[in-house]
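One-based numbering along the sequence shown. Keep in mind that this is a model prediction, so the values were computed, not measured.
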Amino acid sequence: MAEVTFESVRKVFPGDVVAVDDFNLEIQDREFLILVGPSGCGKSTSLRMVAGLEEITGGQIKIGGKVVNDVPPKDRDIAMVFQNYALYPHMTVYKNMAFGLKLRKYPKDEIDKRVKEAAQILGIEELLHRKPKALSGGQRQRVAVGRAIVRKPKVFLFDEPLSNLDAKLRVQMRTEISKLHNRLQTTMIYVTHDQLEAMTMGDRIVVMKDGKILQVDDPITLYDHPSNLFVAGFIGTPPMNFLEGTLKSEGDQVFFHNDHLNVALDTNKINGGLSGYFGQKVIFGIRPEDIQDRQEVTEEIPNTSVKARVEVIEPVGSESVWYLSCGPASFVAKVNSHVKAEVNREKELVFNVSKAHLFDPLTENAIL
């Protein structure tokens, strides 16, 4: 079994720089877990503490139920894939993949068997006698992954392995790594700053900010039910729209209101917890894909119409992204590309309020 457990883990660098603070997390055996967040949030530091490349300031890390705080990296039964590949330039692909096993005194026939198995899995059999300088970025990354596979470790660690690849290769390698996890059925911890990578690859996602965990959930729950303002704005492309205003009640209806908008909320989602916010400042959140052109609404959904001026139109294939303004407020809509619009013209839009979110401006926590 290869569960990885963080118990109140803390990492402080010289100068009292807190990189990770009160980090508590249980990663299940065979789980594909993603650590995601902006640069400097502590995700790579957390990964490096699992690997033993960073010393833990406080708390405990367990692998397979065993505390590894003081266990050397080579004895932790983990394998790590780095952002810069870290291949030996003077060695062939075969020797790069075999090097770790050779250091551990594995028999030659076992080394040969493992290297060729890994090369077959990754489709790099024809590259085994080349050196890294003769490989493309994607091929080098496959070799780096292959070097980890031959170890057959309890836990795979990936530290932003695709960030040096172009967009097309990143998509291809995302798929390859996901297929690899399904095939190997091994615990994988994957660090990325790219929320699209996180959403498409992980069983669960850990969203981090300033060394702390803000939410841990499966991708769909994270997208549909962000627990706070930061997670709501970080997950999703384009990011969620946020508008400031107040909450008011009129009979059976509840409205989000400011000087230019009056949005009737979905009464099916209203609960007693909102009553304390009537008359108070709140932040209204709605994703760009939950805003439609009025002419495109073909089904009965709880909605509110809003008139806004089109500032910029970005065609992105099957969809278009509209940047709109309504008084001083601005927001973004993602609509079908065949819907016609003109810059500096007004459009009537529909907010699907069944997908709306409300946040407390002081705590930044979700209230709806």
Can Leu162 be reached from Leu87 by stepping across I, L, V, M, F, W or Y side chains whose heavy atoms are under 4.5 Å apart?
-> yes
Of all heavy-atom pairs linking Tyr190 and Met201, the shortest is CE1-CE, 3.7 Å
Interatomic distance, Tyr85 atom OH to Leu135 atom CG [nearest 0.5 angstrom] = 10.5 Å
Gln139 side chain vs Ser136 backbone, donor-acceptor pair below 3.5 Å | yes
In this structure, are over 12 heavy atoms from other groups packed under 6.0 Å from Glu7 atom CD?
-> yes
Closest contact, heavy atoms only, Ile78 versus Arg151 | O-NH2, 2.8 Å
Stepwise side chain to side chain contact (heavy atoms under 4.5 Å, CB included) test for Val18 and Arg10 | CA-CA 8 Å; Val18 180; Arg10 180 176 169 85; 3.7 Å; yes
When you measure from the side chain of Asn228 to the backbone N and O of Glu364, does any donor-acceptor pair fall under 3.5 Å?
-> no
Test: Arg204 and Asp218 ion pair at under 4.0 Å = no
Whether Asn352 side chain and Asp290 backbone form a donor-acceptor pair below 3.5 Å = no
Does Arg140 use its side chain to pair, donor to acceptor, with the backbone of Pro132 at less than 3.5 Å?
-> yes
Considering only heavy atoms from C-beta outward, does the side chain of Met208 approach that of Ser46 to under 4.5 Å?
-> yes
If the plane angle is over 60° it's perpendicular, under 30° parallel, otherwise tilted; pick one for Phe156 and Phe158.
-> parallel
Examine distances only and state if a side-chain atom of Arg309 and a backbone atom of Ser325 form a donor-acceptor pair shorter than 3.5 Å.
-> no
For residues Lys43 and Gly37, report the shortest heavy-atom separation together with the two atoms involved.
-> NZ-O, 3.0 Å
Taking every heavy atom of Glu311 against every heavy atom of Val343, the minimum-distance pair comes out as O-CG1, 3.3 Å
Within a strict 4.5 Å, meaning less than it, do heavy atoms of the Glu110 and Leu101 side chains meet?
-> no
Can you tell me how far the CZ atom of Arg30 sits from the OG1 atom of Thr186, to the nearest 0.5 Å?
-> 8.0 Å
Among side-chain atoms of Glu54 and Thr45, is any donor-acceptor pair under 3.5 angstrom?
-> no
To the nearest 0.5 Å, what is the distance between CD (Glu125) and CD (Glu117)?
-> 11.5 Å
Main-chain N/O of Thr237 paired with Lys334 side-chain donor or acceptor, under 3.5 Å | yes
Side chain to side chain, Glu250 and Phe255, heavy atoms closer than 4.5 Å = yes
Side chain to side chain, Arg287 and Lys355, heavy atoms closer than 4.5 Å | no
Do the ring planes of Phe242 and Phe359 sit parallel (below 30°), tilted (30 to 60°) or perpendicular (above 60°)?
-> perpendicular
Under 3.5 Å, side chain of Ser337 to main-chain N/O of Gly317, donor-acceptor pair present?
-> yes
Glu346 atom CD, neighbour heavy-atom count above 12 within 6.0 Å = yes
Of Val150, Ile111, Val145, which is the lone residue that meets side chain to side chain contact (heavy atoms under 4.5 Å, CB included) with Met97?
-> Val150
Scanning both residues in full, the closest heavy-atom pair of Val310 with Leu324 reads CG2-CD2, 3.8 Å
Could you go step by step and tell me if Val36 and Met199 meet the side chain to side chain contact (heavy atoms under 4.5 Å, CB included) rule?
-> CA-CA 10 Å; Val36 68; Met199 292 292 287; over 6 Å; no
Apply side chain to side chain contact (heavy atoms under 4.5 Å, CB included) to Leu265 and Leu247, showing your working.
-> CA-CA 10 Å; Leu265 301 180; Leu247 209 59; 3.8 Å; yes
Residue from Val68, Asn69, Thr5 passing side chain to side chain contact (heavy atoms under 4.5 Å, CB included) with Lys62 = Thr5
4.5 Å side-chain heavy-atom contact, Ile63 and Asp77 | no
Heavy-atom pair with the smallest gap, counting every atom of Ala118 and Gly146 | CB-O, 4.1 Å
Verify side chain to side chain contact (heavy atoms under 4.5 Å, CB included) between Phe230 and Gln215, making sure each step is shown before the conclusion.
-> CA-CA 10 Å; Phe230 178 82; Gln215 188 171 352; over 6 Å; no
If you measure from CG on Asn336 to CD on Glu319, what distance do you get to the nearest 0.5 Å?
-> 7.0 Å
Can you tell me how far CG of Asn258 sits from SG of Cys326, rounded to the nearest 0.5 angstrom?
-> 7.5 Å
Got a sec: does the CD of Glu126 have more than 12 other heavy atoms crowding it under 6.0 Å?
-> yes
Check whether Leu157 and Val71 end up in the same hydrophobic cluster, where Ile, Leu, Val, Met, Phe, Trp and Tyr are linked by side-chain heavy atoms less than 4.5 Å apart.
-> yes
Are Val231 and Leu358 joined in one hydrophobic group, where the rule is that I, L, V, M, F, W and Y side chains link up if heavy atoms are under 4.5 Å apart?
-> no
Main-chain N/O of Ala198 paired to Thr192 side chain as donor or acceptor, under 3.5 Å | no
With hydrophobic residues grouped by side-chain heavy-atom distances under 4.5 Å, do Leu33 and Leu196 end up in a single group?
-> no
Under 3.5 Å: donor-acceptor pair, side chain of Glu197, backbone of Arg174 | no
Going by atom types only, do Tyr223 and Asp217 share a side-chain donor-acceptor pair under 3.5 Å?
-> no
Neighbour count above 12 (heavy atom, 6.0 Å) for Lys248 NZ | yes
Does any non-hydrogen side-chain atom of Phe99 lie less than 4.5 Å from one of Arg147?
-> no
Salt-bridge test for Glu176 and Lys179: reply yes if a basic N is under 4.0 Å from a carboxylate O, no otherwise.
-> yes
Between Ser305 and Arg294, is any pair of side-chain heavy atoms under 4.5 Å apart?
-> yes
Below 4.5 Å, heavy atoms only, C-beta onward: do Val20 and Phe6 meet side chain to side chain?
-> no
Going only through I, L, V, M, F, W and Y residues with side-chain contacts under 4.5 Å, is there a path from Leu25 to Val9?
-> yes
Does the ring of Phe13 carry Lys11 above it, NZ/CZ under 6.0 angstrom from centre and within 45° of its axis?
-> yes
So CD1 of Ile291 and NZ of Lys347: to nearest 0.5 Å the spacing works out to 14.0 Å
Centroid-to-centroid, Phe331 to Phe284, below 6.0 Å?
-> no
Donor-acceptor under 3.5 Å (Asn365 side chain, Asp360 main chain) | no
